[in-house]
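Down below is the structure, laid out as structure tokens.
Heavy atoms only: backbone and side chains are in, while hydrogens, waters and symmetry mates are out.
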Amino acid sequence: MTNILEQLKTIEHNKIPDLARDKFIEVYTQKYGAQNAEAFFEEQRGFFLAEMTSGSYKNLLAAATGTSIYFAFLFLAINNLSLEKGLSTTCYLECRSQKIGEKPDPNGGRPQAVYERSAVITVTGYGEILLRQRAKQIRSVDNPKVVYDCDTFRYGEDNGQSYVKYEKAIPRPQGARIIACYVRIVKADGTVDYFVLDTDEMLRLKQYSGKSNFGKPNALYGQSADCSDIDTGFLKSKTVKHAFKGYPKLSIGTGGAMESDKDEEPTPAPAATTAAPAAQGVQVDAPEDTPFN
């Protein structure tokens, strides 16, 4: 391992997946069997290289450390997650800035923070569902449902169990405004849980988005003051992303992060030395008939 770490300091980034080949196949085989190990490696190698060379984070990834790229690639084998894009994308490759220390200010002021760019596999809400199913925490998750002000909707708890009473207005009048989105979760023991993303939470996430993007929230939050015109596909993906806030943390290993952990108060980071991607993360269009079970 020491030899590999030394090589990672000088090796070209596009050669790192091949350097990790034996370890990738070994890890995958130990956890999921040898039958698909080599095929999975070749498939993910292609996706990974495509993201590094032509993905939205390609410029930032060029400045990432070789070690972070190595562990990000191995993360796919450890968790059996694919970078393949689709309606229910499970993860994506991005680049983050991480504080690694401080250095003295040459002018005698406060010490200056030192940052390092790191490649990270970020697990989407849909990937989190898959991991929690494998961890036997849940059985299934229904499709998210968007609630409008014309619908009949109640959410609460009864004897410690959450419940939702929902009836869609048919026909839905023109100009109906969005007030919530909810998802039904079946736990491993067969009990049912609900997660509701209401207006207050939408506004909190919109505020965070603005803080993280120099005062300009993601346009998909809409133009209204109460998020009532939020993009429905975007809202569904946000609901899935945050559905497990009250559940035990998953152990996912080095090289990755949960997307649900990103919507927290931002920490100061240095200005990017290369152009940042136009849209961070993955926007998933989740139509009514998309299966999550």
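With a 6.0 Å radius and a threshold of 12 heavy atoms from other residues, nucleotides or ligands, K31 has its NZ atom above the threshold. Residue K206 places its NZ atom among more than 12 non-hydrogen atoms of other residues, nucleotides or ligands, all under 6.0 Å distant.
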side-chain hydrogen bond (donor to acceptor under 3.5 Å, both in side chains) evaluation trace for E38 with Y28 | CA-CA 9 Å; E38 291 198 26; Y28 185 93; over 6 Å; no
Could you go through the side chain to side chain contact (heavy atoms under 4.5 Å, CB included) check for L250 and R132 one step at a time?
-> CA-CA 8 Å; L250 288 169; R132 291 190 183 277; 3.6 Å; yes
Working for side chain to side chain contact (heavy atoms under 4.5 Å, CB included), residues V114 and E102 | CA-CA 5 Å; V114 178; E102 294 181 337; 5.5 Å; no
Side chain to side chain contact (heavy atoms under 4.5 Å, CB included) between Q98 and Y115, intermediate numbers included = CA-CA 5 Å; Q98 297 180 328; Y115 288 87; 5.8 Å; no
Residues K145, D151; criterion salt bridge (Lys or Arg N to Asp or Glu O under 4.0 Å); working and verdict = CA-CA 11 Å; K145 288 185 171 60; D151 300 331; over 6 Å; no
Residues I129, F244; criterion side chain to side chain contact (heavy atoms under 4.5 Å, CB included); working and verdict = CA-CA 9 Å; I129 289 173; F244 303 102; 3.8 Å; yes
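Checking D229 against S224 by side-chain atom types alone, a donor-acceptor pair falls below 3.5 Å. Using a 3.5 Å distance cut-off with no hydrogens or angles, the side chains of E94 and T122 do pair a donor with an acceptor. Judged purely by distance below 3.5 Å, without hydrogens or angles, the side chains of T191 and Q161 never pair a donor atom with an acceptor atom. The closest side-chain donor-acceptor pair between N218 and S209, if any, does not fall under 3.5 angstrom.
For the atom pair T199 OG1 and I230 CD1, the distance stands at 9.5 Å (nearest 0.5 Å). One distance of note links OG of S260 with OH of Y247; it measures 13.0 Å at 0.5 Å rounding. Note that CZ of F47 is 8.5 Å distant from NZ of K85, once rounded to the nearest 0.5 Å. To the nearest 0.5 Å, atom CZ of residue F75 and atom CG of residue L93 are 11.5 Å apart. Between the OG atom in S212 and the CD atom in Q207 there is a gap of 10.5 Å [rounded to 0.5 Å].
Closest approach of V183 and A243 over heavy atoms only: CG1-CB, 3.9 Å. Contact between R117 and S97 at its shortest, heavy atoms only, is NH1-OG, 2.6 Å. The shortest non-hydrogen separation linking A20 to F73 is CB-CD2, 3.9 Å. When all heavy atoms of V196 and Y182 are compared, the closest pair comes out as CG2-CB, 3.8 Å. Looking at every heavy atom in both residues, V146 comes nearest to Y166 through O-OH, 3.8 Å. Nearest heavy-atom pair across M52 and L61 is CA-CD1, 4.1 Å.
No chain of hydrophobic side-chain contacts below 4.5 Å, direct or via other Ile, Leu, Val, Met, Phe, Trp or Tyr residues, connects I138 to V186. When the side chains of ILVMFWY residues are joined at heavy-atom separations under 4.5 Å, either directly or via intervening members, F24 and F71 end up in a single hydrophobic cluster. Side-chain heavy atoms closer than 4.5 Å link hydrophobic residues (I, L, V, M, F, W, Y) into clusters, and following such links, possibly through other members, connects I11 to I69. If you chain together hydrophobic residues whose side chains sit under 4.5 Å apart, I252 and I121 fall into the same group. In terms of hydrophobic clustering, with Ile, Leu, Val, Met, Phe, Trp and Tyr side chains grouped at heavy-atom distances under 4.5 Å, L81 and L74 are assigned to a common cluster.
No side-chain heavy atom of I179 sits less than 4.5 Å from a side-chain heavy atom of S228. For the pair D193 and F195, the minimum side-chain heavy-atom distance is 4.5 Å or more. Within the 4.5 Å cutoff, side-chain heavy atoms of I178 are placed close to those of M202. Annotation: side chain of Y70 is in contact with side chain of I4 (closest heavy-atom distance under 4.5 Å). A heavy-atom distance below 4.5 Å is found between the side chains of L49 and P17. V141 has its side chain out of reach of R184: every pair of non-hydrogen atoms, C-beta onward, lies at least 4.5 Å apart. In this structure, the side chains of H242 and L205 come closer than 4.5 Å at one or more pairs of heavy atoms. Within the 4.5 Å cutoff, no side-chain heavy atoms of S56 are placed close to those of Y92.
Not a single side chain to side chain donor-acceptor pair (under 3.5 Å) links D158 to another residue, sequence neighbours left out. With sequence neighbours left out, E43 forms a side chain to side chain donor-acceptor pair (under 3.5 Å) with no residue at all. Remark: Y155 engages no residue in a ring pair (Phe, Tyr, Trp, His ring centres under 6.0 Å) (not counting sequence neighbours). For the side-chain contact (heavy atoms from CB on, under 4.5 Å) test, residues two or more places apart in sequence or in another chain that qualify with E116 are T65, I100, S118. With sequence neighbours left out, the side chain to side chain donor-acceptor pair (under 3.5 Å) criterion links Y148 to no other residue. For the side-chain contact (heavy atoms from CB on, under 4.5 Å) test, residues two or more places apart in sequence or in another chain that qualify with D105 are N107, Q112.
Between the side chain of T124 and the main chain of T89, a donor-acceptor pair closer than 3.5 Å is present. Without hydrogens or angle criteria, T90 side chain to S82 main chain gives a donor-acceptor distance under 3.5 Å.
Under the 6.0 Å cut-off for aromatic ring centres, Y221 and F234 qualify, their centroids lying closer than that.
Salt bridge present: K245 and E201 bring a charged side-chain N and a carboxylate O closer than 4.0 Å. Using a 4.0 Å cut-off between a side-chain N of Lys or Arg and a carboxylate O of Asp or Glu, R177 and D226 qualify as a salt bridge. Salt bridge D18/R45: present, at least one basic N to carboxylate O contact under 4.0 Å.
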